[in-house]
Colleague: 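Quick one: the structure is below, and I'll ask about it shortly.
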Amino acid sequence: MKRKLLSIFFILLITICCTGCNPETGTMTCTMSSYPTDGIKLRSVYKADYKNNVVQKLTSTDQVTVEDKSYLDIYEEKLNELYEPYKNLEYYKNNIKIRNKTLTSTTIINYAKIDTDQLIKIDEGNGQLIKNGKVNIDDLKKAYKQNGFNCKKEG
């Protein structure tokens with residue numbers, strides 16, 4: 001009987017240790033749509049993959065849809081200016097495409113590998129989220145919610 005209880009205890013101990021050792025991973029998706037003026041629609045979808053509450057990768061997709069296509073050139077010019085300082089930063093990629101009356105800007109940041117000190121050097125505002133070289137998923141969620149995003153964590 002003692003041996004059986006010891007075996008059960010040992011199995012429980014292993015189960016607890018193994019489940020406690022698995023890192024918590026998941027994805028948080030944040031979305032927002034707005035209509036800043038007649039004829040212009042903005043839609044943003046941000047997906048953050050995280051592990052143990054630390055953001056590993058962030059993919060943001062921002063779309064601008066307009067009635068008058070000539071506005072897209074202005075948006076593209078402003079976005080190119082915005083992303084220019086990040087152009088040669090490893091693990092930071094931005095791509096802008098125009099199709100019909102929609103401009104789509106997609107940015108991928110690999111926070112697990114990127115030089116976060118460089119991010120802060122480029123824009124001190126990045127330092128509001130980066131603490132000790134890492135971005136906490138809950139801090140990111142709070143920041144997005146303050147800017148009108150709806151966020152949902154999965155995993």
Colleague: Roughly how far apart are Tyr50 OH and Met28 CE, rounded to 0.5 Å?
Modeller: 8.5 Å
Colleague: With rounding to the nearest 0.5 Å, note down the distance linking OG in Ser34 to CD1 in Ile40.
Modeller: 10.0 Å
Colleague: Would you name the heavy atoms of Tyr111 and Val55 that are closest together and state the gap between them?
Modeller: CB-O, 3.4 Å
Colleague: Go through it in stages, so that I can follow the logic: the residues are Lys121 and Gln118, the test is side chain to side chain contact (heavy atoms under 4.5 Å, CB included), and I'd like the CA-CA distance, side-chain angles, deciding distance and then a yes or no.
Modeller: CA-CA 5 Å; Lys121 191 175 181 181; Gln118 272 302 117; 3.6 Å; yes
Colleague: Within the distance-only criterion (no hydrogens, no angle test), does the side chain of Asp68 pair as donor or acceptor with the backbone N or O of Tyr71 below 3.5 angstrom?
Modeller: no
Colleague: Can you tell me if Lys101 uses its side chain to pair, donor with acceptor, with the backbone of Ile98 under 3.5 Å?
Modeller: no
Colleague: Once you round to the nearest 0.5 Å, how far does OG1 of Thr27 lie from CG of Asp49?
Modeller: 4.0 Å
Colleague: Could you give me the CA-CA distance, side-chain angles and deciding distance for Asn136 and Leu129, then say whether side chain to side chain contact (heavy atoms under 4.5 Å, CB included) is met?
Modeller: CA-CA 7 Å; Asn136 180 285; Leu129 286 175; over 6 Å; no
Colleague: Between Ile108 and Tyr92, is any pair of side-chain heavy atoms under 4.5 Å apart?
Modeller: no
Colleague: Given side chains that start at C-beta, do those of Ile74 and Leu72 come closer than 4.5 Å, heavy atoms only?
Modeller: no
Colleague: Show the numbers, then the answer: is there a side chain to side chain contact (heavy atoms under 4.5 Å, CB included) between Ile109 and Tyr86?
Modeller: CA-CA 10 Å; Ile109 306 169; Tyr86 300 93; over 6 Å; no
Colleague: When rounded to the nearest 0.5 angstrom, what distance separates CG in Leu140 from CG in Asn53?
Modeller: 11.5 Å
Colleague: Would you please name every residue forming a side chain to side chain contact (heavy atoms under 4.5 Å, CB included) with Lys113, sequence neighbours left out?
Modeller: Tyr91, Asn110
Colleague: Check whether any side-chain heavy atom of Leu89 lies under 4.5 Å from a side-chain heavy atom of Leu119, and answer yes or no.
Modeller: yes
Colleague: Is there side-chain contact between Ile130 and Ile120, with at least one heavy-atom pair below 4.5 Å?
Modeller: yes
Colleague: Would you check if Leu42 and Tyr35 make a side-chain contact, meaning some heavy-atom pair closer than 4.5 Å?
Modeller: no
Colleague: Spell out, as yes or no, whether a donor-acceptor pair under 3.5 Å connects the side chain of Gln56 to the backbone of Val54.
Modeller: yes
Colleague: Can you list the residues that meet the salt bridge (Lys or Arg N to Asp or Glu O under 4.0 Å) rule with Lys93, with sequence neighbours excluded?
Modeller: none
Colleague: Between side-chain atoms of residues 148-155 and protein atoms elsewhere (two or more places apart, or another chain), which donor-acceptor pairs fall under 3.5 Å?
Modeller:
{"from": "Lys153", "atom 1": "NZ", "to": "Asp138", "atom 2": "OD1", "distance (Å)": "2.9"}

Colleague: If you measure from CD on Gln63 to OG1 on Thr104, what distance do you get to the nearest 0.5 Å?
Modeller: 4.0 Å
Colleague: Please determine, by modelled atom types, if Ser105 and Asn94 share a side-chain donor-acceptor pair under 3.5 angstrom.
Modeller: yes
Colleague: Nearest 0.5 Å, what's the CG-NZ distance between Asn52 and Lys134?
Modeller: 9.5 Å
Colleague: Would the number of heavy atoms belonging to other residues, nucleotides or ligands and lying under 6.0 Å from CG of Asn88 be above 12?
Modeller: no
Colleague: Could you walk me through whether Thr106 and Asn95 pass the side-chain hydrogen bond (donor to acceptor under 3.5 Å, both in side chains) test, one step at a time?
Modeller: CA-CA 5 Å; Thr106 304; Asn95 185 26; 5.9 Å; no
Colleague: Could you check whether Asn100 and Thr102, counting side-chain N and O atoms only, form a donor-acceptor pair closer than 3.5 Å?
Modeller: no
Colleague: Quick one: does Tyr46's side chain get under 4.5 Å of Asp62's, heavy atoms only?
Modeller: yes
Colleague: Could you tell me if the side chain of Asp117 sits less than 4.5 Å from the side chain of Asp115, heavy atoms only?
Modeller: yes
Colleague: Evaluate side chain to side chain contact (heavy atoms under 4.5 Å, CB included) for Leu58 paired with Lys47, printing each intermediate quantity in order.
Modeller: CA-CA 6 Å; Leu58 177 66; Lys47 289 189 177 193; over 6 Å; no
Colleague: How about NZ on Lys131, more than 12 heavy atoms from neighbouring residues, nucleotides or ligands closer than 6.0 Å, or not?
Modeller: yes
Colleague: Quick one: are Thr29 and Val45 in side-chain contact, heavy atoms under 4.5 Å?
Modeller: yes
